[in-house]
Amino acid sequence: MIDIQLLRAGLDDVARLLATRGYVFPVVEFSELEAQRKHLQTRTQELQARRNAASKQIGNAKVRGENASSLFEEVANLGHEVKQIEAELESVQAALNHILLQTPNLPHPTVPIGIGEADNQEVRHWGTPRVFDFPIRDHVAIGETLGLLDFQTAAKLSGSRFSLMTGELARLHRALAQFMLDVHTREHGYQEAYVPYLVNARSLLGTGQLPKFKEDLFEVPRKNSEPVLAVSAGPKHDLEDNNLYLIPTGEVPLTNIVAEKIVPLESLPMRLTAHTPCFRSEAGSYGRDTRGMIRQHQFEKVELVQIAHPQESYEALEELVGHAEKILQKLELPYRVMLLCTGDMGFAAAKTYDIEVWLPAQQAYREISSCSNCESFQARRMLARFRNEKNKPELLHTLNGSGLAVGRTLVAVLENYQNADGTVTIPEALRPYMDGLRLLSTAG
RNA sequence: GGAGAGAUGGCCGAGUGGUCGAAGGCGCUCCCCUGCUAAGGGAGUAUAGGCUCAAAAGGCUUAUCGAGGGUUCGAAUCCCUCUCUCUCCGCCA
């Protein structure tokens, strides 16, 4: 959520900035609602003040044993009017809140303006794509030939966009996650966390997946609950949605750890990591990446989250990207880092770097990590604060990034490390996690 | 699943219809005293808003005692619903 004060002070400027992201802010509707809000709120508070004063007088009169019947009359009609105007105010504020909750974050000044993927800027690249002297096969062919990857059976169990891995491939997948966690906890100072994979609507509202992107989520209805997402006035206590949702990313539980908290200054920055499954409905991506395990309903990710002081969050973003890059460097996989343009950024992000790994079979760099500074956008939604130097509560900045997507990393390993005979060399960094195994083969 | 108890400010904890945004304590900040590996005295110390002000300061004001609803002129306090926590029993990886 962006700061409503910004909208009040400079509506046109904000709208212009949002337009660079391809978002049309409802300027007219907002100003009209704001005008109504101002009028209704002033009036409401006037009436409330009168009622409070009269009630206080009645109290005083009673204490002195006096007759207060004239005061009763004065207040009698006030009650109805107050109730009515309160209801009006509430509906206006709900409408304003609805607009705010739908509005994406403002881009940082250093973000290039653009419409889509083509306008992203390469910041740097690392490693050189390997030159193959035999026909390159993709990870599906490699895995299926080895007999370790089976999409048909997965489809039988669950449908499309699921995968079944067995034997040393399943183990390699597990090894990748362990390896990533170890690097981040031992070398980058992250605290490991084990988190819920089912979260409530409030958490998803906090990180920005709800209310706008409900169709991307898998919802788990609770018994006897009405699946209603009621979004009204206040930022926190208006969610009637009792249902649970499968997390689309570990960012959700990890970031919401600080929701409604005031963390002490000295505990910043907080660095958290977790290995979690992620579940996405992939609605609206029909026909994209239908082959293989690039785009799945269920995949594993090691997530990095930082909770930072506002003045240090952009430094933290650079560090966080570096932490994710480190994994690819240790695995010796070529990649490039892209600075996303305004039009390609996610809803909550103020600035995002994507890391794209080289996939030989596609002859392309593909996203394997996305690292964002959300500034106070999420913190405002979930009321995550710290005590600043003046001992006053102030909104935190939240950052998140993949470190890395495990499934896609596995794809990258299979394709980049494939051999002419159909085997796959296991990257050196992973061998300690594989009992020293050097080669993925049918025998293995 | 059954039975019971609870949820108050950064923390502990009092408060069962009116001067309670909330006693007292702890913590924290500032000041004074003392003088050293102690202590004592005083003052201050919730959050989110609105209006006002050129801005800051300030002033006026609203809401918030787990959440939502109700009763009432008036609710932390009474009623209803929900959520969460704790204890015991049952079941279970």
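So you know, we letter chains A, B, ... as the sequences are listed, proteins then strands, and number each from 1.
In terms of position along RNA chain B, the nucleotide closest to Pro393(A) lies nearer the 5' end than the nucleotide closest to the other residue of the pair Pro393(A) and Thr42(A). Residues Glu394(A) and Ile58(A) both approach RNA chain B. Their nearest nucleotides, taken by heavy-atom distance, put Glu394(A) toward the 5′ side.
Residue Gln152(A) places its CD atom among 12 or fewer non-hydrogen atoms of other residues, nucleotides or ligands, all under 6.0 Å distant. By the 6.0 Å contact criterion, CD on Glu318(A) is enclosed, its count of non-hydrogen atoms from other residues, nucleotides or ligands being greater than 12. Around the CZ atom of Arg174(A), the shell of radius 6.0 Å holds no more than 12 heavy atoms that belong to other residues, nucleotides or ligands. The neighbour count for Gln191(A) CD, taken as heavy atoms of other residues, nucleotides or ligands under 6.0 Å away, does not exceed 12. Enclosure of atom CG in Leu265(A) by more than 12 non-hydrogen atoms of other residues, nucleotides or ligands within 6.0 angstrom is indicated. Enclosure of atom NZ in Lys156(A) is not indicated, since only 12 or fewer non-hydrogen atoms of other residues, nucleotides or ligands lie within 6.0 angstrom.
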Report all interatomic pairs (protein N or O, nucleotide N or O of nucleotides 6-11 of chain B) with separations under 3.5 Å.
none

Dump every N/O contact between nucleotides 14-17 of chain B and the protein below 3.5 Å, one line per pair.
none

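A search for salt bridge (Lys or Arg N to Asp or Glu O under 4.0 Å) contacts involving Glu303(A) returns Lys301(A), not counting sequence neighbours. Under the rule for a side chain to side chain contact (heavy atoms under 4.5 Å, CB included), Ala87(A) has no partner lying at least two apart in sequence or in another chain. Partners of Asn200(A) by side chain to side chain contact (heavy atoms under 4.5 Å, CB included), not counting sequence neighbours, listed by chain and number: Arg202(A), Ser203(A), Leu244(A). Partners of Asn256(A) by side-chain hydrogen bond (donor to acceptor under 3.5 Å, both in side chains), not counting sequence neighbours: none found. Scanning for side-chain hydrogen bond (donor to acceptor under 3.5 Å, both in side chains) contacts around Arg385(A) gives an empty result, with sequence neighbours left out. With sequence neighbours excluded, the residues satisfying side-chain hydrogen bond (donor to acceptor under 3.5 Å, both in side chains) with Ser372(A) are Thr352(A).
When rounded to the nearest whole Å, the span between CG of Leu383(A) and C1' of A46(B) equals 13 Å. Rounded to whole Å, atom P of U83(B) lies 17 Å from atom CD of Glu260(A). Distance, Glu90(A) CD to G49(B) P: 18 Å, rounded to whole Å. Atom pair Leu40(A):CG and C51(B):P shows a separation of 13 Å (rounding to whole Å applied). Atom CG in Asn60(A) sits about 13 Å away from atom C1' in C73(B), given to the nearest Å. Residue Arg202(A) contributes atom CZ, which lies 11 Å from atom P of C84(B) at whole-angstrom precision. For the pair Met382(A) CE and A48(B) P, the interatomic distance rounds to 16 Å; values are reported in whole Å. If you measure from atom CG of Leu395(A) to atom C1' of A48(B), you get 11 Å, rounded to the nearest angstrom.
Under the side chain to side chain donor-acceptor pair (under 3.5 Å) test applied with Tyr190(A), the options Arg271(A), His184(A), Gln306(A) reduce to a single match, Gln306(A).
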* Starting at the 5' end of nucleotides 54-65 of chain B, put B wherever the base has a protein heavy atom under 4.0 Å, S where only the sugar-phosphate does, and a dash everywhere else. => -------SSS--
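The same atom, C1', is picked in G15(B) and in A7(B); the two are 15 Å apart, to the nearest Å. Comparing the P positions of G18(B) and G27(B) gives an interatomic distance of 33 Å, to the nearest angstrom. Distance noted for atom C1' between C65(B) and C12(B): 15 Å (whole Å). Taking atom P in both A5(B) and A23(B), one finds a spacing of 29 Å when rounded to whole Å. For A48(B) and C26(B), the C1' atoms lie 26 Å apart once the distance is rounded to whole Å.
The pair Glu81(A)-Arg43(A) meets the salt-bridge criterion, with a side-chain N (NZ, NE, NH1 or NH2) lying under 4.0 Å from an Asp/Glu carboxylate O.
A side-chain N or O of Glu219(A) and one of Tyr245(A) form a donor-acceptor pair less than 3.5 Å apart. In this structure, a donor-acceptor pair under 3.5 Å is absent between the side chains of Glu375(A) and His397(A).
The stretch residues 25-39 of chain A comes close to RNA chain B through Arg37(A), Lys38(A), each having a heavy atom under 4.0 Å from the strand.
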Distance-only criterion, 3.5 Å: show the donor-acceptor pairs between side-chain atoms of residues 25-33 of chain A and protein atoms not counting sequence neighbours.
residue: Ser31(A); atom: OG; partner: Val27(A); partner atom: O; Å: 2.6

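Applying the 4.0 Å criterion to OP1 and OP2 of U47(B), one finds that Lys392(A) has a side-chain N or O inside that range.
Within the 4.0 angstrom heavy-atom criterion, no nucleotide atom of any strand lies near Pro264(A).
The nucleotide whose nearest atom lies closest to any side-chain atom of Gln5(A) is, among G21(B), U71(B), G49(B), G49(B).
Stem regions for RNA chain B, each three or more consecutive Watson-Crick or G-U pairs with both distances under 3.5 Å and listed by first number, read B:1-7 with B:83-89, B:10-12 with B:24-26, B:27-32 with B:40-45, B:46-52 with B:58-64, B:66-70 with B:78-82.
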